[in-house]
2 protein chains.
Amino acid sequence: MLTERQLLILNAIIDDYITHAEPVGSRSVSKREDIEFSPATIRNEMSDLEELGFLEKPHSSAGRIPSQKGYRYYVDHLLSPKKLTKNEIHGIQSVFRDRFSEMEQVIQQSAKILSSLTSYTSIVLGPEVFESTLKQIQIIPISHESAVAIIVTDMGHVENQTVPLPEGININELEKVVNILNEKLKGVPLIHLRHKLSTEIGKVLEKYIDHYDSMITLLNQTFLSQQSEKVFFGGKTNILAQPEFHDVERVKRLFNILEEDALVSKLFRSDYKGITIKIGQENRFEPFDDCSVITATYSVDGKHMGTVGILGPTRMEYPRVIGILDYLSKDLSKLLSARYQK
Amino acid sequence: MLTERQLLILNAIIDDYITHAEPVGSRSVSKREDIEFSPATIRNEMSDLEELGFLEKPHSSAGRIPSQKGYRYYVDHLLSPKKLTKNEIHGIQSVFRDRFSEMEQVIQQSAKILSSLTSYTSIVLGPEVFESTLKQIQIIPISHESAVAIIVTDMGHVENQTVPLPEGININELEKVVNILNEKLKGVPLIHLRHKLSTEIGKVLEKYIDHYDSMITLLNQTFLSQQSEKVFFGGKTNILAQPEFHDVERVKRLFNILEEDALVSKLFRSDYKGITIKIGQENRFEPFDDCSVITATYSVDGKHMGTVGILGPTRMEYPRVIGILDYLSKDLSKLLSARYQK
DNA sequence: TTTAGCACTCGACAATAGAGAGTGCTAACA
DNA sequence: TGTTAGCACTCTCTATTGTCGAGTGCTAAA
């Protein structure tokens, strides 16, 4: 267990390092208002803290920097979210003011304001399509051989996909199929569409139409489509301003990951309702070793919808970022719930 | 006018600089197989070429590097497109093999293969939505106050947008409107929808429905939507491997532009049928001063659809890139024409 | 237990020197 | 007259050295 004084000093060092990005020496700690010990005393404590694994030295005659364990302790025990400034609150609310911009636009705007408030990189996932249910399905022929299939969900989300048409199928038949589908599948979660198709629906269709096999293939293809959630970024280049990323090689490795939506989704996705903080290697991706990721989830009517998150250096302003994320995720949930409740 | 020998030397220098990214000295030029003059002679010629503005010196005791004017001359007079290797042809065709992937997927794949073949960054624009015509329009109510409007084009492209519903409108009325729209607007280019609405259609609607004003607002909003063409990237981080971008500050400026679809679109868009090459400052964007952009257009049935392009250092392998772009753009046009012709 | 004092360590920075690549000029050569 | 060899000169790059300062860790005194 750490003593009161050790906590004080650990807190001071992390605080200092977060703002100045430079190893913190005993002298500069002792100069702080809230600390009244001599540098020598602090040196002893720092030495102990290092032995315990909370601090480390870049080299023998530099100051100390927080270790990953140090940040973890700080985040778990020392930190309290910072209250938002009027400006910050104002900025966030301006996103939600425009009552009828599309959901995707709201989310994109959220990402933007997050990054501009924090000056880190923001990432917003979702909404997760497969949790929503089918509102309507349409299949519109484009040429003799292809059609575009459109799926509308209860949340107003639209998915579409081009599919090959069975040869020789006629418009009436196609219409019949679509009617059956709409009748039988309305309200079914997208994730269950394929299953329903292979069970009940298949049998019904078999009775009514000629081109059964190729039609089933077509529908399967339609329902298979985009499972992955959309990824929205804000301030993608903000992270480059951090001294941690002054090396292009590292930038490249980082951006290679950010370009892959599937990876980003995996990395940021959170199901835990509330704030999640992952520090350095806790992210399990080498290029993120010097980064922390803070995420919060948003929901509609209490149902989990997606994740908003911030990517910054491990040396990130945790209290402020947490405050902002918490506020925004709650506001976003409120807005979406109001708009899309049944 | 340049002499035969000056051309030879200019060509040799650019060639060398393109592959090695280092100032080229007289000695290394004289060592090339196709050149049989002494370094001294070459020095004299280089001095002349510099005076004429085709070469420049980083400093007084380095070799020469091509100037922007040098590249321009090279591109206009010296270069001939390189034939594709079997591998390259194979790579490109693999993109087009999957007969029924969606148009957007084909385009995304094209971007990917382009970047992996050239190891530069590739950018594909389009297809340009507003050139295509309306196939079908739908308005599907999502809640009491909002609906999602869906526009399908003759190319199978789907646009959708959430719009507020006029208060108190009933389903039948909405259906009536949609029917009228479909009847009157089928085949109309998207770009003319708003105009048509304010002229003929408006009058017809006025007769039939109650909530005329708010309905018109709704439709206007629907038709207003996405004018901008989509931007697809491949190998966005490839450009970071170039020594020109070893400086993070520069990377940041470049990526800030690439993040803005509208800017990218402006920068890359080409209407000229064929290959366009923009070198360095010809791009009119400071962060692109050391970059060249090569673009080609693709079309459907001879109608201009979009642009495929490569972003690389000015020191780019022009002959190879031009060859590849030419091949791919033609193949892409062929595929799309086959699929979407009337 | 805390603190002052002091020797020691290490990185950052500037100054210096030497190597190497390349040029430009001059004079000799074909 | 065009080409080439020779050579002094220029400039960058790298390695080396020395100095400075920040910071530590230890010891001994308060």
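All values derive from a computational prediction rather than experimental measurement.
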Fill in: Flag for A:Thr295-A:Tyr272: side-chain donor and acceptor within less than 3.5 Å
no

Item to complete: Check the side chains of A:Ser119 and A:Asn238 for a donor-acceptor pair under 3.5 angstrom, ignoring hydrogens and angles.
Response: no

Discussion item. I'd like to check A:Phe285 versus A:Leu263 (side-chain heavy atoms, cut-off strictly below 4.5 Å). Are they in contact?
Written reply: yes

In whole angstrom, what separates [X]'s [atom1] from [N]'s [atom2]?
{"X": "A:Lys31", "N": "D:dA22", "atom1": "NZ", "atom2": "C1'", "value": "11 Å"}
{"X": "A:His20", "N": "D:dG23", "atom1": "NE2", "atom2": "P", "value": "13 Å"}
{"X": "A:Gln6", "N": "C:dT2", "atom1": "CD", "atom2": "C1'", "value": "15 Å"}
{"X": "A:Ile13", "N": "D:dT24", "atom1": "CD1", "atom2": "P", "value": "9 Å"}
{"X": "B:Glu22", "N": "C:dA21", "atom1": "CD", "atom2": "P", "value": "12 Å"}
{"X": "A:Asp16", "N": "D:dG23", "atom1": "CG", "atom2": "P", "value": "10 Å"}
{"X": "A:Arg27", "N": "D:dG23", "atom1": "CZ", "atom2": "C1'", "value": "10 Å"}
{"X": "A:Glu36", "N": "C:dT3", "atom1": "CD", "atom2": "C1'", "value": "15 Å"}

Does [X] have a side-chain nitrogen or oxygen under 4.0 Å from the phosphate oxygens OP1 or OP2 of [N]?
{"X": "B:Lys57", "N": "C:dG24", "answer": "yes"}
{"X": "B:Ser61", "N": "C:dG22", "answer": "no"}
{"X": "B:Arg64", "N": "C:dG24", "answer": "yes"}

Discussion item. Would you compute the distance between atom CD of B:Glu282 and atom OG1 of B:Thr314 and round it to the nearest 0.5 angstrom?
Written reply: 11.0 Å

Worksheet item: When rounded to the nearest 0.5 angstrom, what is the spacing between CD1 in B:Ile324 and NZ in B:Lys82?
Response: 8.0 Å

Worksheet item: For A:Thr297, does its backbone N or O pair with a side-chain atom of A:Thr307 as donor and acceptor, under 3.5 Å?
Response: no

Item to complete: Kindly state which residues belonging to residues 39-55 of chain B come within less than 4.0 angstrom of DNA chain D, counting heavy atoms of the residue only, listed by number.
Response: B:Ala40, B:Thr41, B:Arg43, B:Asn44

Worksheet item: Any chance the rings of B:Phe255 and A:Phe255 have centres within less than 6.0 Å?
Response: yes

Worksheet item: If you pin A:Ser60 and B:Pro58 to their nearest nucleotides in DNA chain D, which one's is more 5'?
Response: B:Pro58

